[in-house]
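Reading through the structure tokens given below for one structure.
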Amino acid sequence: TEGEGRLAFVEGIIRFCEGNAMRSGHIKGDEESAVRRHEEASGLFLAAHRCWCEGYGEDHPDTIKSVTMVAVLNAMLKRNDQAIEWTRREYHLRVKVWGERHPRTQKCRAGLRALLGDEDEGLSGEFDKISLQELAEPDKYTEDNVSASDITWDTDPFAMEEKWSIESVMRMFSEAGVSQHYNIPRITLAKLIITAKAGYVASNTFHNWRHAWSVTMASYIMIQSPSVLPFLGPREKLAVLVATLCHDITHPGVNSDFLIKTADPMALKFPTPNCLELHHLDLTLQMLSPGCDTDILLNCDDTDRSYIVALIRDLILATDMGQHKHIVTCLTKLAEPGGITDTDPSQVSDETRRQIVQGIVHASDLSGQALPPAIACQFGKRVLEEFHTQHEREVRENLVESSFMKDLHLPLAQAKTQLGFLHYVAGPLWSAISRLFPEFTPQYQNILNRAHEIDFDNINEWGALHGGLVAMNRRRSSVLKGEGPNDTTFIRIRSEGARNCESSTSINGRDISGASSSFPPAGTPKGASWDSHGS
């Protein structure tokens with residue numbers, strides 16, 4: 001029954017994608033053909049739901065996934081009553097299994113509100129009330145309450161008050177000169193910042209408003225530094241501040257790889273390895289749409305608006321770890337003889353400016369460990385906890401596990417993960433930045449210091465050790481020992497624990513009795529555990 005459900009779900013996804021591709025013009029087919037594909041997909045998802053309800057139970061993650069797709073298809077087919085019924089069912093199941101503050105629960109709640117015509121239906125939570133109150137009083141926020149001297153590398157994002165965090169970002173826009181240059185109305189800027197702040201999921205341990213504010217702060221300090229300032233104009237500075245402010249908006253607390261593995265609607269909407277970054281970009285551009293009350297570009301001419309929007313796109317996409325190696329290479333070349341160090345800043349091309357600000361935004365996004373020790377330790381613990389939570393979900397939902405997120409309840413695994421990040425990711429990036437702009441050498445030195453603090457002989461004394469991570473009580477897949485290849489028995493253990501094991505020496509009729517159980521495959525280079533979809 002469970003296998004039949006899995007087959008029906010996969011076939012449903014294929015029909016769903018075919019229908020979408022027909023509507024987008026990527027494959028041949030008229031609107032009638034697209035609707036027919038979506039109707040077939042809806043039936044297949046219903047079949048998967050029936051199978052999984054019988055085999056797994058109604059509150060299993062796979063079953064909830066099928067409920068989501070039935071709701072999505074009913075909405076696309078304009079079956080409003082059924083869409084409301086299934087979306088409401090999905091919402092209550094998500095609240096039961098993951099809680100009301102889980103990002104996917106919040107997303108489902110937003111979808112239900114849209115279907116209900118924004119009727120409350122008792123769905124409002126404390127988070128929404130705070131956000132609505134902030135949005136209702138944008139005129140009470142002013143940068144005059146914040147001194148520019150209060151915004152430094154030492155400013156603690158975990159100690160700031162909510163109102164100050166909004167007004168300090170307004171001060172950054174003002175100090176950078178972009179509020180004045182583009183005549184940005186104070187209330188419009190306040191609404192943009194409040195809306196962006198409300199879009200960050202407070203329950204995320206790392207990808208939340210504190211991270212967004214810290215990244216924006218780092219980028220602001222960098223673009224205002226004496227060595228960088230001559231290379232940038234107001235267009236580049238405005239694009240940097242908007243991009244860093246919104247670069248992780250509505251981040252679900254898992255990476256793109258997880259969204260792809262779970263066939264998340266976000267991954268289906270943006271079917272590329274960097275679906276998260278495209279999602280953040282999509283929301284940012286919506287807030288900058290002409291006529292929107294958060295459009296701070298309303299007084300820009302068409303040429304400037306087009307340039308700034310295109311640059312914001314490049315900068316948000318530059319936060320994808322898949323771009324890391326390319327960005328480090330570009331920064332390294334710019335720092336070499338013949339690069340920008342011997343060039344008149346007024347003579348550099350727009351492409352060179354783009355490379356500079358891409359490097360600044362990417363470095364700002366990875367600036368947590370470049371900050372003072374206490375703040376760096378906080379960010380380090382928080383990202384480890386978020387990785388640990390994702391890995392636990394991967395195990396629970398029977399997904400391929402992210403190797404660098406495994407066993408983070410163990411001090412040694414935490415130290416290895418953090419050291420790998422410092423040596424192979426943050427270190428090379430900030431090394432290139434500090435060679436290009438030497439005034440950021442102290443931040444690079446902070447990263448080196450964090451690496452030196454990790455003493456494997458006294459790991460329990462490490463200041464950034466997260467002692468609160470606990471492993472799930474679960475059984476792992478294993479291979480029974482036998483006398484020879486023909487005696488090997490394949491054991492599949494479903495992640496929910498109290499489920500029957502299936503023993504077999506074949507999958508889909510193919511003999512696996514002689515298959516090797518070694519992982520990773522022979523020849524895999526050291527350090528290959530970092531994937532291109534890492535946070």
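Values below: every heavy atom of this structure, side chains too, minus hydrogens, waters and symmetry copies. Residue indices begin at 1 and follow the sequence shown. All values derive from a computational prediction rather than experimental measurement.
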Atom pairs and distances, donor-acceptor, side-chain atoms in residues 239-246, under 3.5 Å, two or more places apart:
| from | atom 1 | to | atom 2 | distance (Å) |
| --- | --- | --- | --- | --- |
| Thr244 | OG1 | Ser219 | OG | 3.2 |
| Thr244 | OG1 | Val240 | O | 2.8 |
| Thr244 | OG1 | Leu241 | O | 3.2 |

Taken in chain and number order and not counting sequence neighbours, the residues that satisfy salt bridge (charged side-chain N to carboxylate O under 4.0 Å, His left out) with Arg354 are Glu351

Is the side chain of Glu453 donor-acceptor paired with the backbone N or O of Gly463 at a distance under 3.5 Å, no angle test? no

Test item: Thr319 side-chain N/O and Leu315 main-chain N/O as donor-acceptor pair under 3.5 Å: no

Applying side-chain contact (heavy atoms from CB on, under 4.5 Å) to Ile327 and not counting sequence neighbours gives Ala318, Gln323, Leu331, His362, Leu429

Query raised in the report: Hey, does the side chain of Ser168 reach the backbone of Ser165 with a donor-acceptor pair shorter than 3.5 angstrom?
Result: yes

message: Side chains of Thr352 and Ser349 only: does a donor on one sit below 3.5 Å from an acceptor on the other?
response: yes

Donor-acceptor pairs under 3.5 angstrom involving side-chain atoms of residues 281-293: please list them, not counting sequence neighbours.
| from | atom 1 | to | atom 2 | distance (Å) |
| --- | --- | --- | --- | --- |
| Asp282 | OD2 | Lys269 | NZ | 3.3 |
| Asp282 | OD2 | Gln286 | NE2 | 3.1 |
| Thr284 | OG1 | His280 | O | 2.8 |
| Ser289 | OG | Leu285 | O | 3.1 |
| Ser289 | OG | Gln286 | O | 3.0 |

Would Ile459 and Ile454 satisfy side chain to side chain contact (heavy atoms under 4.5 Å, CB included), going step by step from the backbone distance to the final call?
CA-CA 7 Å; Ile459 201 65; Ile454 301 175; 4.1 Å; yes

Tell me yes or no: between the side chains of Asn274 and Thr272, is some donor less than 3.5 Å from an acceptor? yes

Contacts of Lys261 meeting side-chain hydrogen bond (donor to acceptor under 3.5 Å, both in side chains) (sequence neighbours excluded), chain-then-number -> Asp257, Glu394

Q.
Taking atom CG as the centre, does Asp302 end up with more than 12 heavy-atom neighbours from other residues, nucleotides or ligands that are less than 6.0 angstrom away?
A. no

query = Strictly under 6.0 Å, is that where the ring centroids of Phe158 and Phe379 end up?
reply = yes

- Message: Given 3.5 Å as the limit, does a donor-acceptor pair link the side chain of Arg235 with the main chain of Ile308, or not?
- Response: no

Residue set satisfying side-chain hydrogen bond (donor to acceptor under 3.5 Å, both in side chains) with Ser179, at least two apart, ordered chain then number -> none

Applying side-chain contact (heavy atoms from CB on, under 4.5 Å) to Glu143 and not counting sequence neighbours gives Met170, Arg171, Ser174, Arg186

When rounded to the nearest 0.5 Å, the distance separating OG1 of Thr441 from CD1 of Ile433 is 11.0 Å

d(Thr417 OG1, His388 NE2) to nearest 0.5 Å is 12.0 Å

Residues passing the side-chain contact (heavy atoms from CB on, under 4.5 Å) test with Thr329, sequence neighbours excluded, are Lys325, Lys333

Residues passing the side-chain hydrogen bond (donor to acceptor under 3.5 Å, both in side chains) test with Arg353, sequence neighbours excluded, are Asp350

Are the side chains of His211 and Val383 in touch, meaning some heavy atoms are under 4.5 Å apart? no

Item to complete: Taking Thr188 for its side chain and Ile296 for its backbone only, find out whether a donor-acceptor pair lies under 3.5 Å.
Response: no

Sorted by chain and number, sequence neighbours left out, side-chain hydrogen bond (donor to acceptor under 3.5 Å, both in side chains) with Ser346 holds for Asp344

(Q) Test your reading of the model: is there a side-chain donor-acceptor pair from Thr341 to the backbone of Pro337, 3.5 Å cut-off? (A) no

**Asked** Under the side-chain hydrogen bond (donor to acceptor under 3.5 Å, both in side chains) criterion, do Asn449 and Gln445 qualify, and how do the steps go?
**Response** CA-CA 6 Å; Asn449 293 343; Gln445 185 60 49; 3.0 Å; yes

Item to complete: Indicate the ring-plane relationship of Trp430 and Phe440, choosing parallel, tilted or perpendicular according to the 30° and 60° boundaries.
Response: perpendicular

Requested in this report: Could you tell me whether the side chain of Gln414 and the main chain of His466 form a donor-acceptor pair under 3.5 Å?
Outcome: yes

Residues at least two apart in sequence or cross-chain that pass side-chain contact (heavy atoms from CB on, under 4.5 Å) with Glu11, listed by chain then number, are Leu7, Leu44

Please report the C-alpha distance between Arg305 and Tyr182 in whole Å, then the side-chain angles of each, then the deciding distance to 0.1 Å, and finally whether the side chain to side chain contact (heavy atoms under 4.5 Å, CB included) criterion is met. CA-CA 10 Å; Arg305 173 184 280 273; Tyr182 292 108; over 6 Å; no

Testing the 3.5 Å rule here: is there a donor-acceptor pair between the side chains of Asn255 and Gln390?
yes

Checklist entry - Can you check whether Gly233's main-chain N or O pairs, donor with acceptor, with Glu236's side chain at less than 3.5 Å? => result yes

- Item | Verdict with reasoning, His181 to Lys237, per side chain to side chain contact (heavy atoms under 4.5 Å, CB included) | CA-CA 11 Å; His181 185 86; Lys237 291 196 285 186; over 6 Å; no

task = Could you walk me through whether Trp213 and Thr155 pass side chain to side chain contact (heavy atoms under 4.5 Å, CB included), step by step?
result = CA-CA 11 Å; Trp213 185 92; Thr155 306; 3.5 Å; yes

Heavy-atom closest pair (Ile260 atom, Pro273 atom, distance to 0.1 Å) is CD1-CA, 3.9 Å

Please determine, by modelled atom types, if Arg435 and Ser431 share a side-chain donor-acceptor pair under 3.5 angstrom.
yes

Checking the side chain of Asp320 only, and the main-chain atoms of Glu277 only, is there a donor and an acceptor separated by less than 3.5 Å?
no

So side-chain hydrogen bond (donor to acceptor under 3.5 Å, both in side chains) across residues 15-25, not counting sequence neighbours, yields Arg15-Glu40, Glu18-Arg37, Asn20-His38, Arg23-Glu31

Checklist line | Main-chain N/O of Glu175 paired to Gln224 side chain as donor or acceptor, under 3.5 Å | finding: yes

